[in-house]
Amino acid sequence: MFRNRLKTVKSNRSGMDTIFVMTVFLLFVCCLLATVLAFTKVYKHLGSSIEQRFDTATAQTLVLRKLMSYDCRAVDSGEYDGIEFFSFADEFDGEEYTTYIYAYGGQLRELFTESGRTFAPDDGNILFPADSFSASVDGDTAVFTIEYNGSFNTTHYYLRSGKAVAL
């Protein structure tokens, strides 16, 4: 009789041990899942923030490089139907062309067209997302601001004065 009771106690103990181990394991798994979910949320937030800054900075660099490739006589700014733009004058084979950079429909766009042709904002090629773009040229200084999702990047650039002329 003594042996049967001892066996019963051991079997109950074994069941209690198993329940305790399973409970601790489930608690560990729940904590692990909560941690993974928290880090996933932080990662998504950081990823979207970095992507937003990358798009704005890349758009800013593109406009800046365009400004660097022209002298002050070929760069101008203007406004058409509430849309501010930079215009860049080019000449190929005796024909004059104009390139416009502007924001329209939530996108920074570039339009290359014959000079004198009507400015059509829908026709531009989409470059990057941008909520707004403001541009101005005052003498030899060009200033532009690109906004995207509340992030503003303003750049001031001193335009080069022209090509050297041989005497």
Checklist entry - Given Phe85, which of Tyr104, Phe144, Tyr102 fulfils the side-chain contact (heavy atoms from CB on, under 4.5 Å) condition? => result Tyr102
Checklist outcome for this item: Exactly one candidate in Val24, Thr18, Asp17, Thr23 meets side-chain contact (heavy atoms from CB on, under 4.5 Å) with Phe20; the answer is Val24
Checklist outcome for this item: Across all chains, not counting sequence neighbours, the side-chain contact (heavy atoms from CB on, under 4.5 Å) partners of Asp76 are Ser87
Side-chain heavy atoms under 4.5 angstrom apart, residues restricted to Ile, Leu, Val, Met, Phe, Trp, Tyr: same cluster for [X] and [Y]?
{"X": "Leu62", "Y": "Leu111", "answer": "no"}
{"X": "Leu108", "Y": "Phe88", "answer": "yes"}
{"X": "Val137", "Y": "Ile146", "answer": "yes"}
{"X": "Phe86", "Y": "Tyr80", "answer": "no"}
{"X": "Tyr70", "Y": "Tyr157", "answer": "yes"}

To the nearest 0.5 Å, what is the distance between [atom1] on [X] and [atom2] on [Y]?
{"X": "Ser136", "Y": "Glu79", "atom1": "OG", "atom2": "CD", "answer": "11.5 Å"}
{"X": "Ser134", "Y": "Phe152", "atom1": "OG", "atom2": "CZ", "answer": "9.0 Å"}
{"X": "Thr145", "Y": "Gln60", "atom1": "OG1", "atom2": "CD", "answer": "9.0 Å"}
{"X": "Cys31", "Y": "Leu26", "atom1": "SG", "atom2": "CG", "answer": "11.0 Å"}
{"X": "Asp71", "Y": "Leu159", "atom1": "CG", "atom2": "CG", "answer": "8.5 Å"}

Checklist entry - Thr98 and Thr113: side-chain donor and acceptor closer than 3.5 Å? => result no
Checklist outcome for this item: Apart from Phe39 itself, its cluster of hydrophobic side chains linked below 4.5 Å comprises none
Checklist entry - Shortest non-hydrogen contact from Ala135 to Ser77? => result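 Shortest heavy-atom contact: O-CB, 3.8 Å.
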Checklist entry - Hey, does Val143 have a side-chain heavy atom less than 4.5 Å from the side chain of Thr154? => result yes
Expected list for residues 125-133: side-chain donor-acceptor pairs under 3.5 angstrom, two or more places apart:
{"from": "Asp131", "atom 1": "OD2", "to": "Asn149", "atom 2": "N", "distance (Å)": "2.7"}
{"from": "Ser132", "atom 1": "OG", "to": "Glu147", "atom 2": "OE1", "distance (Å)": "3.1"}

Next on the checklist: Between Val29 and Leu33, is the side chain to side chain contact (heavy atoms under 4.5 Å, CB included) condition met? List the steps.
Outcome noted: CA-CA 6 Å; Val29 168; Leu33 285 175; 4.2 Å; yes
Checklist outcome for this item: So salt bridge (charged side-chain N to carboxylate O under 4.0 Å, His left out) across residues 108-129, not counting sequence neighbours, yields Lys66-Glu110
Checklist entry - So which pairs with a foot in residues 87-107 pass salt bridge (charged side-chain N to carboxylate O under 4.0 Å, His left out), sequence neighbours left out? => result none
Item to check | Met68 atom CE, neighbour heavy-atom count above 12 within 6.0 Å | outcome: yes
Next on the checklist: One pair to check against side chain to side chain contact (heavy atoms under 4.5 Å, CB included): Thr155 and Leu67. What are the steps and the verdict?
Outcome noted: CA-CA 11 Å; Thr155 303; Leu67 285 168; over 6 Å; no
Checklist entry - Angle class for the Tyr97/Phe92 ring planes (parallel below 30°, perpendicular above 60°, tilted otherwise)? => result tilted
Item to check | Results of salt bridge (Lys or Arg N to Asp or Glu O under 4.0 Å) for Glu84 - residues two or more places apart only | outcome: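 Glu84: no salt bridge (Lys or Arg N to Asp or Glu O under 4.0 Å) contacts found.
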